[in-house]
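By convention in this document, chain letters (A, B, ...) are assigned in the order of the sequence lines, proteins followed by strands, and residues within each chain are numbered from 1.
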Protein chains: 2
Amino acid sequence: MPTPPTPPTARPLTPAARRVLDSAHELFYTRGINTVGMDLLAEHAGITKKTIYDRFGSKDALVVAYLSERDRRWRAYLNGRLAPLPDARARVLATYDALGEWLAGHGRRGCAMVNACAELPDPEHPGRRVAREQKEWTRGLYRDLAAGTGAADPGPLGDALLMLHEGATVAFTVLGATDSAATARRAADALLPSS
Amino acid sequence: MPTPPTPPTARPLTPAARRVLDSAHELFYTRGINTVGMDLLAEHAGITKKTIYDRFGSKDALVVAYLSERDRRWRAYLNGRLAPLPDARARVLATYDALGEWLAGHGRRGCAMVNACAELPDPEHPGRRVAREQKEWTRGLYRDLAAGTGAADPGPLGDALLMLHEGATVAFTVLGATDSAATARRAADALLPSS
DNA sequence: GGATAACCACACCGGTCGGTATAATCGGGG
DNA sequence: CCCCGATTATACCGACCGGTGTGGTTATCC
């Protein structure tokens with residue numbers, strides 16, 4: 001036995017596993033999960049297919065590792081952007097600034113979580129759980145911020161802020177609306193209780 | 001030569017072609033484009049693979065036909081829902097009612113156009129053009145309606161209404177937020193000029 | 001009655017899919 | 001020194017991928 005199929009996100013990745021995961025971030029995101037085979041992935045990472053299967057166990061497990069790391073990075077990115085800001089209102093608006101910069105730096109491939117849901121038809125696929133948890137976290141963030149602005153009904157307001165966020169991503173990706181995040185920000189500003 | 005690869009959306013479909021397209025609507029939508037092979041499609045339609053290729057020429061062309069018909073149906077559905085309504089404000093709100101009913105009737109697979117963009121990594125794929133045109137049409141509709149409500153800045157307002165629409169679809173699909181369309185409707189109502 | 005279009009059955013193509021098997025090599029720690 | 005984990009190289013597996021070729025049946029229209 002080489003090594004058990006690696007538990008969830010256990011001990012630090014071996015160098016080869018790290019390179020595989022880096023390649024997954026690049027290839028799965030830009031070309032889609034289903035159109036990238038394990039042979040291509042191995043070649044891109046400069047690594048043997050055998051090593052991938054020794055480290056991750058299966059393509060599905062690698063997909064989950066890829067999505068989980070995306071999620072972790074997203075939370076860290078957003079938290080880092082919001083932390084220095086003084087109040088909830090500024091933080092809400094800053095989420096759209098952060099989104100706009102993120103979109104501008106990642107060519108029109110949209111949200112990896114939404115894309116994964118499109119590519120993984122099985123509702124029980126563990127990758128869809130990761131996607132759902134990422135959206136749940138973001139929704140919770142917006143609801144908390146909405147509550148912090150003193151809104152009368154923070155739940156639905158937070159949900160609406162999330163929808164503007166997701167909708168701006170779609171508009172940018174499908175439509176090429178480069179100012180979508182700024183437009184969402186203005187709409188969010190109008191929805192928040194008047195300052 | 002059997003028949004040229006059938007121009008865009010020319011003359012009425014033959015019975016076999018109709019069945020293939022119906023199967024495409026069901027299988028491509030629920031299982032994704034890339035995970036449905038031509039053999040499965042032929043079997044599901046009760047038709048020979050040869051016939052599919054005689055009618056449509058290639059899988060890519062079939063995908064385009066599938067997406068184009070979705071687009072046509074979507075426009076007809078929405079136009080039908082809005083036509084009887086008296087004014088622009090009522091029509092805007094009705095789009096979210098129509099979306100909510102549509103989502104409730106199609107199990108958590110989201111927008112076929114957004115999904116297609118996730119599944120077709122090539123930006124030049126003709127299927128992505130169809131997706132973009134569908135979103136452009138919907139954006140135009142929202143902008144026109146926004147202008148009809150007498151809004152000061154109908155362009156950005158229409159875009160925000162579109163984002164609520166797309167965001168509600170994502171929230172429903174990924175998060176399972178069954179009331180997402182109703183929440184989007186309330187937010188849209190707050191964004192429209194006070195009646 | 002002959003041409004034409006639509007369809008069927010079936011066999012076949014090279015390539016790629018996710019995944020496995022075998023064996024060798026390398027480096028570090030006990 | 002020897003073992004062990006990580007990695008390499010290479011060959012292989014059955015299944016499926018998108019797509020084609022051949023030949024025959026049926027119905028319709030001129």
For a salt bridge (charged side-chain N to carboxylate O under 4.0 Å, His left out) check, start with the C-alpha distance between B:Arg18 and B:Glu69, then their side-chain angles and the critical distance, and finish with the verdict. CA-CA 11 Å; B:Arg18 181 68 263 161; B:Glu69 194 166 80; 2.7 Å; yes
Atom CG in B:Asp97, atom CZ in B:Arg91: separation rounded to 0.5 Å?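 If we round to the nearest 0.5 Å, B:Asp97:CG and B:Arg91:CZ are 14.5 Å apart.
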A:Tyr96-B:Leu157 co-clustered via ILVMFWY side chain contacts under 4.5 Å: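 Same cluster: A:Tyr96 reaches B:Leu157 through Ile, Leu, Val, Met, Phe, Trp or Tyr contacts under 4.5 Å.
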When the distance from [atom1] of [X] to [atom2] of [N] is rounded to whole Å, what number comes out?
X: B:Lys59; N: D:dG19; atom1: NZ; atom2: P; answer: 8 Å
X: A:Ile52; N: D:dT8; atom1: CD1; atom2: P; answer: 10 Å
X: B:Ile47; N: D:dT25; atom1: CD1; atom2: P; answer: 20 Å
X: B:Asp60; N: D:dC17; atom1: CG; atom2: C1'; answer: 13 Å
X: B:Asp54; N: C:dC8; atom1: CG; atom2: P; answer: 10 Å
X: A:Met38; N: C:dC17; atom1: CE; atom2: P; answer: 11 Å
X: A:Asp39; N: C:dG19; atom1: CG; atom2: P; answer: 11 Å
X: A:Glu43; N: C:dT16; atom1: CD; atom2: P; answer: 11 Å

Test for a donor-acceptor pair under 3.5 Å between the base of D:dG19 and the side chain of B:Lys50, counting only N and O atoms.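 Such a pair does not exist between side chain and base.
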Let me know, please, whether B:Ile33 or A:Ala17 comes out on the 5' side of the other along DNA chain D by nearest nucleotide.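 Mapping each residue to its closest nucleotide by heavy atoms, the 5'-most match is A:Ala17.
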Under 4.0 Å: is that the gap between some side-chain N or O of [X] and OP1 or OP2 of [N]?
X: A:Arg55; N: D:dT7; answer: yes
X: B:Thr51; N: C:dC8; answer: yes
X: A:Thr48; N: D:dT8; answer: yes

Step by step, work out the side-chain contact (heavy atoms from CB on, under 4.5 Å) result for A:Met38 and A:Leu62. CA-CA 10 Å; A:Met38 298 304 269; A:Leu62 175 60; 4.3 Å; yes
Would you kindly compare B:Lys49 and B:Ala16 by the position of their nearest DNA chain C nucleotide and give the one closer to the 5′ end?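 It is B:Ala16 whose nearest nucleotide is closer to the 5' end.
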Determine which pairs satisfy ring pair (Phe, Tyr, Trp, His ring centres under 6.0 Å) with at least one residue from residues 146-181 of chain B, sequence neighbours left out, and list them in order. B:Trp74-B:His165, B:Tyr142-B:His165
Please classify the nucleic acid contact of B:Val36 as base, sugar-phosphate, or nothing, using heavy-atom distances under 4.0 Å. sugar-phosphate
What is the nucleic acid contact for B:Thr14, judged by heavy atoms within less than 4.0 Å: base, sugar-phosphate only, or nothing?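 Sugar-phosphate only.
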